[in-house]
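Below is one structure; the comments refer to it alone.
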Amino acid sequence: MKLENYQLESHNSDLLAKHERQLDFITSEISNAQSIIQKLVDFQIAIPSWALGTGGTRFGRFSSGGEPRNLEEKIEDIGLLHKLNGSSGAISLHIPWDVADNTNAIKALAAQHGLRFDAMNSNTFQDQPDQAQSYKFGSLQHVDKAVRKHAIDHNIEVIRQGVELGSKALTVWLADGSCFPGQLNFRKAFHNTLESLREIYAALPNDWKIFVEYKAFEPNFYSTTVGDWGQSLLFANKLGPKAYTLVDLGHHLPNANIEQIVSLLLMEEKLGGFHFNDSKYGDDDLTAGSIKPYQLFLIFNELVEGMDARGMDHREDLGWMIDASHNVKDPLEDLLQSVEAIMIAYAQALSVDRVALQEAQAINDVARSQEILQQAFRTDVRPLVAEARLRSGAALSPLQAFRKFNVRQELIKNRGAKTVATGL
């Protein structure tokens, strides 16, 4: 399905008068409103190929119909999102589900939709059909060198495919670990993983990065070989300057201070990027900002402060991506909501009075410091986010437009009601 410019213009014209009133008010309240709008226009959040279908769980998967059946249709769906919000200009692929049979044709299709290829994702947490070596007891950590070699070769192949598509990064998430005490020698597992990662690192092109993702638990419940940001940082430091830690917001134990983790990784110049989602209990993969919007804002507050302190480019110097999977929402609607929540938190963080905050911190004025942050969080910056979309030629209200133009119904009509997206 393709949305035409005249459709978005018609949608926007119905909402324009109200939007302009709201915009006039907020721009009179925030001194750097125009600067914030431009940063929002520039900011892009990658969409993962596996988030376009209804998510799988341990108990079932309930397709909403019209799901993308191949890589071409995944690109088309992300093109739809980008057309609606102007902020989803990249796709992150997961191999082996998203192998491009015709690389040039795939690159041309992505360019047609205004998309670039973000970080490539390898998969050593599942066995594929006819796979000679099993990952049941780990991949890069495995006690069997042949299994480790199989996992290393897969990652190097993912890099090769990424180079052909114009990607510049590899994300490695490992399910490696143990479920029972005594099952695993922790130091040997770490050493095996490090040696495996070093072989993968050696295959990186000069202009590439490798992101080492971590997760506290699942599918292993006693130990995880890359279980927290400290272990990821150890690997990144030992690998070299092209290696970074990747933060998935759901990959922490309850009540972890993620904003502090972000701040310290930025300080050490080892923060590579983000997988955005939200959680109540664990790795719930819920819509970004749906459970803990204040935490999302606080994370962006540290990001903006830390990146500006180092003179970093907000758009280019970190990897920004959603990582979520849902069973009860239309996956495209959920992605529109997640992007909106991320853009709002980013805009709120950009509006923080940094000078006043630094002054309050310097004299230990705790109440004033709290008020400055909460003032920014409680300010309704949605008109700024909407204006950024308008200037990008997108929809003032993406979700409303999605429903107005019956996007899901059109996808079902074109693809069928029983289609299930490839991937997770």
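- When each of L204, I95, I200 is checked for a side chain to side chain contact (heavy atoms under 4.5 Å, CB included) with N155, only I200 meets the rule.
- Between N12 atom CG and R389 atom CZ the span is 9.0 Å, to the nearest 0.5 Å.
- Between K149 and D144 there is no salt bridge, since no side-chain N of the basic residue sits under 4.0 Å from a carboxylate O of the acidic one.
- The environment of F137 atom CZ is sparse: at most 12 non-hydrogen atoms of other residues, nucleotides or ligands sit within 6.0 angstrom.
- Here the side chains of Q337 and E340 are not in contact, with every heavy-atom distance at 4.5 Å or above.
- A donor atom on one side chain and an acceptor atom on the other are found under 3.5 Å apart for E387 and H19.
- The pair D313-R315 does not meet the salt-bridge criterion, since no charged nitrogen lies less than 4.0 angstrom from a carboxylate oxygen.
- Salt bridge absent: K83 and E4 never bring a charged side-chain N and a carboxylate O closer than 4.0 Å.
- The residues R310 and D308 are annotated as not salt-bridged, no charged nitrogen and carboxylate oxygen being separated by less than 4.0 angstrom.
- Atom CD of E67 and atom CG of D330 lie 9.0 Å apart (nearest 0.5 Å).
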- Check the pair I47 / V339 against side chain to side chain contact (heavy atoms under 4.5 Å, CB included), numbers first and verdict last. CA-CA 9 Å; I47 305 298; V339 171; 4.2 Å; yes
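- More than 12 heavy atoms of other residues, nucleotides or ligands lie within 6.0 Å of CZ in R116, so this atom counts as buried by the packing criterion.
- With hydrogens and angles left out, the side-chain atoms of Q34 and Q38 include no donor and acceptor closer than 3.5 Å.
- Looking only at atom types and distance, the side chain of W50 has a donor-acceptor partner in the side chain of D323 under 3.5 Å away.
- Counting heavy-atom neighbours within 6.0 Å of Q375 CD, excluding the residue itself, gives a total of 12 or less.
- Rounding to the nearest 0.5 Å places CG of L373 at 10.5 Å from CG of D353.
- The line from CZ of F217 to NE2 of H252 is 12.0 Å long, rounded to the nearest 0.5 Å.
- E302 places none of its side-chain heavy atoms less than 4.5 Å from the side chain of L266.
- A donor-acceptor contact shorter than 3.5 Å is absent between the side chain of T287 and the backbone of S290.
- Applying the ring-ring contact (aromatic ring centres under 6.0 Å, His included) test to residues at least two apart or on different chains, none of the pairs has a partner in residues 386-415.
- Evaluation of the side chain to side chain donor-acceptor pair (under 3.5 Å) test over residues 163-173, restricted to residues two or more places apart or in two chains, returns T103-E164, R160-E164, K168-D207.
- A donor-acceptor pair shorter than 3.5 Å cannot be found between the side chains of Q44 and S87.
- A donor-acceptor contact under 3.5 angstrom links the side chains of S92 and N121, judged on distance only.
- Side-chain atoms of Q131 and D127 include a donor-acceptor pair closer than 3.5 Å.
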- May I have the step-by-step check of salt bridge (charged side-chain N to carboxylate O under 4.0 Å, His left out) for K404 and D14, ending in yes or no? CA-CA 12 Å; K404 177 180 180 180; D14 293 339; 3.4 Å; yes
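- Between D77 and R415, at least one side-chain N (NZ, or NE/NH1/NH2) sits under 4.0 Å from a carboxylate O, which counts as a salt bridge.
- Results of the side chain to side chain contact (heavy atoms under 4.5 Å, CB included) test with V212 over V226, L174, V172 single out V226 as the only residue that passes.
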- Decide yes or no on side chain to side chain contact (heavy atoms under 4.5 Å, CB included) for T193 and K188, but give the supporting numbers first. CA-CA 8 Å; T193 304; K188 287 182 180 179; over 6 Å; no
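- With a 4.5 Å cut-off on side-chain heavy atoms, L286 and S279 do not count as touching.
- The minimum heavy-atom distance between A110 and I75, with the atom names listed, is CA-CG2, 3.9 Å.
- Of all the heavy atoms in H82 and G89, the pair that sits closest is ND1-N, 3.4 Å.
- Atom-to-atom distance recorded for L40:CG and I342:CD1 is 12.5 Å, nearest 0.5 angstrom.
- No side-chain donor-acceptor contact under 3.5 Å links R403 to the backbone of R408.
- One side chain, S139 or D176, offers a donor N or O that lies under 3.5 Å from an acceptor on the other.
- Screening Y244, Y201, F190, Y214 for a ring pair (Phe, Tyr, Trp, His ring centres under 6.0 Å) involving F235 leaves a single residue, F190.
- Residues Y346 and F300 bring their aromatic ring centres within 6.0 Å.
- For the atom pair CG (L170) and NZ (K242), the distance works out to 11.5 Å, reported to the nearest 0.5 Å.
- Put simply, the side chain of S338 gets close to the backbone of A288: a donor and an acceptor are under 3.5 Å apart.
- Without hydrogens or angle criteria, D278 side chain to I291 main chain gives a donor-acceptor distance under 3.5 Å.
- I30 has its side chain within reach of V381: a pair of non-hydrogen atoms, C-beta onward, lies under 4.5 Å apart.
- N220 places no side-chain N or O within 3.5 Å of a backbone atom of S223 that could act as its donor or acceptor partner.
- When atom types are taken as modelled, the side chain of Q161 and the backbone of V99 share no donor-acceptor pair closer than 3.5 angstrom.
- A donor-acceptor pair under 3.5 Å links the side-chain atoms of H154 to the main chain of N123, judged by distance alone.
- Neither side chain, D285 nor S325, offers a donor N or O lying under 3.5 Å from an acceptor on the other.
- Under a 3.5 Å cut-off, the side chain of N406 and the backbone N or O of Q409 do not form any donor-acceptor pair.
- Side-chain contact of N277 with D284: a donor-acceptor pair under 3.5 Å is absent, judged by distance alone.
- A salt bridge is absent between D248 and K215: the closest approach of a Lys/Arg side-chain nitrogen to an acidic carboxylate oxygen does not fall below 4.0 angstrom.
- Electrostatic pairing of K329 and E333 does not count as a salt bridge here, judged by no charged N lying under 4.0 Å from a carboxylate O.
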- Starting from the C-alpha separation in whole Å, work towards a yes-or-no answer on ring-ring contact (aromatic ring centres under 6.0 Å, His included) for F297 and F377. CA-CA 7 Å; F297 158 72; F377 175 68; 5.6 Å; yes
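- The six-membered or imidazole ring of F125 lies away from that of Y135, with a centre-to-centre distance of 6.0 Å or more.
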- Under the side chain to side chain contact (heavy atoms under 4.5 Å, CB included) rule, what do L249 and V247 come out as? Steps first, then yes or no, please. CA-CA 6 Å; L249 300 190; V247 176; 4.1 Å; yes
- Message: L264 vs W229, test: side chain to side chain contact (heavy atoms under 4.5 Å, CB included). Steps then yes/no.
- Response: CA-CA 10 Å; L264 296 177; W229 70 281; 4.0 Å; yes
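- Electrostatic pairing of D98 and K74 counts as a salt bridge here, judged by a charged N lying under 4.0 Å from a carboxylate O.
- In this structure, N32 contributes its side chain and L350 its backbone to a donor-acceptor pair below 3.5 Å.
- Residues K418 and S63 have side chains that never bring a donor and an acceptor to within less than 3.5 angstrom of each other.
- The closest donor-acceptor contact from the side chain of S392 to the backbone of G86 lies at 3.5 Å or more, if one exists at all.
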